[in-house]
Amino acid sequence: MSDIFKNLNPKQIEAVKIISGPVLVISGPGSGKTRCLTHRVAFLISENIKPANILAITFTNKAANEVKERVQALLSPSFSADSGRLSAWPTIGTFHSVCLRILRREISLLNYKPSFTIFDEYDRLALIKKVMARQKLDLKQYNPQMIVRKISKLKTELLYPENYKPNDFFSRLLARIYENYQTELKNANALDFDDLIALTVKIFKHNPQVLEKYQDIWKYILVDEYQDTSFDQYSLIKLLSQKYKNIFAIGDDAQSIYAFREADIRNILNFQKDYPEAKVIFLEQNYRSTKNILAVAQNIISNNQSQVPKTLWTENGRGERILVKEALNERDEADFITLKIEELMQKNHNIGDFAILYRTHAQSRAIEESFISCGLPYQIIGGIKFYERKEIKDILAYMRLAANPSDLVSFERIINIPTRGLGQTVLAKITNTHEKNLIKALDILAKENTKTKQGRALKEFYELLYDLINKKTDISVASFIKNIIKKTDYEEYLKGLSASKNDAYSNFEERMENLKELLTVAKKYDNVGSERGLDNFLEEITLLQGVDSLTLSANANKVGVPDKATLMSIHSSKGLEFPVVFIAGIEEGLFPHSRSTFNPQELEEERRLCYVAVTRAKEKLILSYARRRNIFGSTQRNLPSRFIGEMPQDTIEYAASGIDDDYEEKIYY
DNA sequence: CCTTACGCCATTTTT
DNA sequence: TGGCGTAAGG
């Protein structure tokens, strides 16, 4: 237990030690936030608080896993998970996984079946489109994505159709779609991501005895990245912590960059209003960056109005100046970056030391091309995600249908995959049978039409699905997947796809690789026991979208330093650190983005984004902007970003541009 | 029901 | 520039 304080500074110790009552920790970048959080969990347990009474909530699975691992490391050898000495583990999970756990037990209060499935973004969009089409709405006039966003926003505000009061033409239209959508979800026995949280809050609000049950379980609550909570998440925490008020919130208002996803910075700014007795602790010592980098960050952020004032400091050296490069165009910029990397690798750096950050994914291409031509290994984080790939979604749809035969969205997806001559007409007939179990409906329909060609196809499809579903509990998840691929002749289907379409789709090999990867993930569930194996698998997969999905499964041990440079958006870089950070495209219009420049609040968010980007760097920070940029086919001329002007100029040095104004005009695109 | 052609649109995205 | 969704023809 003395270990618990060994590597902590006085502020961190203070934050760890206050056991009861509300605590707010404002933790600057690189100030040991996760350390503080994990040590606190360990400390609580060492003070004989039952682990089962502790709830730690994070936003990402990655963060949750990190906290779990580090808590375990702190507690062993005195406690060890597998020795069974620890009667129960603290609950450490994401908002969504924690709520999922609650809902599996309690959702019958809302007349859902506890076996509900979770719809991801794709499913939700598909359902919205269907609902809109049925209401004969023009999908061009009303963008379904936009409708999804609006509904998502309403749910985050805890407004369900029954208490949403539309007051103009558009909101009445929205309300109709929303109501329909929600009914369809219920019919499919499905919840979307927002429901996981909003419905949990709903149950708590309407069933005080249920709420109290959980309040008594989780007497000690810790919330990570508190600045990123949305209203529903905030409400959840507030309800849960209401009885004992042992809430520990940690975060950094200056790193709030998810307002566009309904994160509300006011939650952290108003913490003291919510809990007047709250202790507030500032973690201002930075262990990550040089003095110069910190000075740059601090100067930039001081241009924002709404923030908790704080002063970061570090014992680290001054370090080098921040290098700023003016490039001619995006290719010149990319070449500068690769050249610089090669130069630094001659000195004392490994390729894994470098991160190239950008505001928009569209910027990655030019950089990627330069990396390829120089033969530098790299990885791109973000962009197309593993579980969004067609081949993965197809197989998952079969699995989900097996797990939940009412899942209409999955059914629609695969009814003609691989091509079997079934489509909209059949779908309409299925719906007309009013049989919620779609497999049964298929059987009924097949028996009604034994003569026709379509009838035969129906029968075949039915038998295929029946076969698959019958086996789902007999065999492992991995075998189940293999079965699907084999029985549907999916490989042939993929070959056909790549042959018929043009080059962009001829990535058969890659698709098969992805399926193999899916099998690898599935193998983890083989020993879970096939009874729950499939359900467990699907559940985790759905909650495990995003970046870490692949890394987590395939090479969890490689998380540290890969032997590749990393290309990613600034948003995905939050929480990470690299010895050398490039920020590409620091131009007016790009960063800050043109869509944000006229809205003061959005501009402040861009500035926080810049703050996040800059503070990823440990030793070296290199910024670049291009005079001209080819974007979406046309050429833009941008000025250097105002953020450069907001940096202390004595910490900056300009790289030789190697161009003069005459020369610029001679460059041929 | 499937294929092809064309027009549209394009921040960021922890679950 | 290119990826996607809709509309038309086979």
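Per chain, numbering begins at 1; letters A, B, ... match sequence-line order. These figures come from a predicted structure and were not determined experimentally.
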Roughly, in whole Å, what's the span from [atom1] in [X] to [atom2] in [N]?
X      : N      : atom1 : atom2 : answer
A:R261 : B:dT15 : CZ    : C1'   : 6 Å
A:L125 : B:dT13 : CG    : C1'   : 15 Å
A:L103 : B:dT15 : CG    : P     : 18 Å
A:D120 : B:dT13 : CG    : P     : 17 Å
A:Q145 : C:dG3  : CD    : C1'   : 13 Å
A:K574 : B:dT14 : NZ    : P     : 11 Å
A:L199 : B:dT15 : CG    : C1'   : 15 Å
A:I381 : B:dT14 : CD1   : P     : 11 Å

Side chain of A:R365, heavy atoms from C-beta onward: which of C:dG2, B:dT15, B:dC2 has the nearest atom to it?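 So the nucleotide nearest the side chain must be C:dG2.
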
Are A:D228 and A:K574 within salt-bridge range, i.e. N to O under 4.0 Å?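 Here A:D228 pairs with A:K574 in a salt bridge, since their nearest N and O are under 4.0 Å apart.
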
Would you tell me if any nitrogen or oxygen in the side chain of [X] comes within less than 4.0 Å of OP1 or OP2 on [N]?
X      : N      : answer
A:K129 : C:dG5  : yes
A:N61  : B:dT15 : yes
A:T542 : B:dT15 : no

Search all heavy atoms of A:L538 against all heavy atoms of A:T542 and return the closest pair with its distance.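 Answer, listing the atom of A:L538 first, then A:T542: O-OG1, 2.5 Å.
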
Please write out the pairs of protein N or O atoms and N or O atoms of nucleotides 8-10 of chain C separated by less than 3.5 Å, giving the distance to one decimal.
none

Are A:Y493 and A:Y490 close enough that their ring centres sit under 6.0 Å apart?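 Ring centres of A:Y490 and A:Y493 closer than 6.0 Å.
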
Kindly say whether the aromatic ring centers of A:H571 and A:F260 come within a distance under 6.0 Å.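 So the answer is yes for these two rings.
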
Quick one: which protein N/O atoms are closer than 3.5 Å to N/O atoms of nucleotides 5-12 of chain B? Pair and distance per line, please.
| residue | atom | partner | partner atom | Å |
| --- | --- | --- | --- | --- |
| B:dT11 | OP1 | A:R595 | NE | 2.9 |
| B:dT11 | OP1 | A:R595 | NH1 | 3.4 |
| B:dT11 | OP1 | A:R595 | NH2 | 2.1 |
| B:dT11 | O4' | A:H593 | NE2 | 3.4 |
| B:dT12 | OP1 | A:H361 | N | 2.7 |
| B:dT12 | O4' | A:R359 | NH2 | 3.2 |
| B:dT12 | O2 | A:R359 | NH2 | 2.4 |
| B:dT12 | O2 | A:H571 | NE2 | 3.4 |

B:dT11: syn or anti, per glycosidic angle within 90° of 0: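 The base of B:dT11 is oriented syn (glycosidic angle within 90° of 0).
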
Within the structure shown, what part of the strands sits under 4.0 Å from A:N416 by heavy-atom distance: base, sugar-phosphate, or nothing?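 Since only primed, P, OP1 and OP2 atoms lie under 4.0 Å of A:N416, the category is sugar-phosphate.
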
Need to verify one output field. Residue with the more 5' nearest nucleotide on DNA chain B, A:H96 or A:V426?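 Closest to the 5' end, via its nearest nucleotide, is A:V426.
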
Tell me if the NZ atom of A:K202 is crowded by more than 12 foreign heavy atoms within 6.0 Å.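 Enclosed: over 12 neighbouring heavy atoms sit under 6.0 Å from NZ of A:K202.
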
